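Below you'll find the structure, written out as structure tokens, and then a few comments.
Throughout, numbering of the chain's residues begins at 1 and tracks the sequence. Bear in mind the structure is a predicted one, so any value in this text is a computation, not a measurement.
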Amino acid sequence: MKKENISDAVIRRLPRYYRQLNSLHNSGVVRISSHSLGQEMNITASQIRQDFSCFGEFGQQGYGYNVEELRAEIGHILGVDKNHHLVMIGAGNLGHALLQNFPFSQTGFTVDAAFDVDPTLVGTSINGVPVRSMNELDSFIRSHPVDVVSLTIPQHVAQEMADRLIALGIRGFWNFTNIELSSTDPVVQFENIHFADSLLTLSYRIANR
């Protein structure tokens, strides 16, 4: 049974577990101990057991974890089997690259449409995803189930766009605008992606190695 108030640190480790278990499964590994899994991921065995205990009892003492079963359980916890629906606003360079290259289906998402103001993009498709006019956005949101909106638009319109979408009922945002978006509605969730943070983290490690 899932515990309440699971820390953000635990939640952010779950995709790492899922990715590692996918790799193990694809390599034909049938079972693994928390010690071996920890060695591969540079996480202590006790931390792994503690993280998993937030969601239930996994594995057997003396046997370890069945890789395929644990992978399925972690995937279920992450919602990979929910078939979330996503639309992307902004089909320029970054939006185009994501649509062309990101494995949305492998993470449980279906991309139903992209929206842009550029008339040269409207009416085209990117990797099978139709690009629609921004004039169609409100009616599309009202008539289709949309769980997440990905924002790859200029910073100066990002919060205004988020507010508009929240008013239309959107509760999940994958935000690539490089600013922190927010809402007074506690149900609304933002995942604010900052590429510079990752690069600066690498810069620190190189400078202080």
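Within the 3.5 Å criterion, the main-chain N or O of G90 finds a donor-acceptor partner in the side chain of T152. In this structure a side-chain-to-backbone donor-acceptor pair under 3.5 Å is missing from S27 to V29. In this structure, Q100 contributes its side chain and I126 its backbone to no donor-acceptor pair below 3.5 Å.
Taking every heavy atom of both residues into account, T177 and N175 meet most closely at OG1-OD1, 2.6 Å.
The number of heavy-atom neighbours closer than 6.0 Å to NE2 of H35, taken from other residues, nucleotides and ligands shown, is 12 or below. The environment of CD in E160 is sparse: at most 12 heavy-atom neighbours from other residues, nucleotides or ligands sit within 6.0 Å. In this structure, N26 places its CG atom where more than 12 heavy-atom neighbours from other residues, nucleotides or ligands lie under 6.0 Å away. Other residues, nucleotides and ligands contribute only 12 or fewer heavy atoms inside 6.0 Å of the CG atom of N93.
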Would you be so kind as to tabulate the donor-acceptor pairs closer than 3.5 Å made by side chains of residues 195-209, with sequence neighbours excluded?
residue: T201; atom: OG1; partner: D197; partner atom: O; Å: 2.8
residue: N208; atom: ND2; partner: Y204; partner atom: O; Å: 2.8
residue: R209; atom: NE; partner: I206; partner atom: O; Å: 3.4

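With salt bridges taken as basic N to acidic carboxylate O contacts below 4.0 Å, one links R12 and E191.
For the pair L151/L165, a side-chain contact is recorded, criterion being any heavy-atom separation below 4.5 Å from C-beta on. Looking only at side-chain heavy atoms (C-beta outward), T107 and F102 come within less than 4.5 Å of each other. For the pair L21/H25, no side-chain contact is recorded, criterion being any heavy-atom separation below 4.5 Å from C-beta on. At a threshold of 4.5 Å between non-hydrogen side-chain atoms, the residues I32 and E40 count as touching. At least one side-chain heavy atom of M161 sits less than 4.5 Å from a side-chain heavy atom of L137. Within the 4.5 Å cutoff, side-chain heavy atoms of R171 are placed close to those of V188.
Under the rule for a side-chain contact (heavy atoms from CB on, under 4.5 Å), the partners of V122 that lie at least two apart in sequence or sit in another chain are S133. Partners of R16 by side-chain contact (heavy atoms from CB on, under 4.5 Å), not counting sequence neighbours, listed by chain and number: R19, M41, I43.
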Exercise. Can you check side chain to side chain donor-acceptor pair (under 3.5 Å) on T120 and D118, steps first, answer last?
Worked result: CA-CA 5 Å; T120 64; D118 186 344; 2.7 Å; yes
For this session: Could you walk me through whether F173 and Q189 pass the side-chain contact (heavy atoms from CB on, under 4.5 Å) test, one step at a time?
Result: CA-CA 6 Å; F173 292 86; Q189 299 294 314; over 6 Å; no
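Among residues at least two apart or in separate chains, there is no salt bridge (Lys or Arg N to Asp or Glu O under 4.0 Å) pair with a member in residues 86-96. Applying the salt bridge (Lys or Arg N to Asp or Glu O under 4.0 Å) rule to pairs touching residues 139-149 yields nothing, sequence neighbours excluded. Residue pairs that meet the ring-ring contact (aromatic ring centres under 6.0 Å, His included) test with at least one member in residues 65-89, sequence neighbours left out, are F52-Y65, H84-F109.
Hydrophobic clustering of Ile, Leu, Val, Met, Phe, Trp and Tyr side chains at less than 4.5 Å, counting indirect connections, unites I193 with L99.
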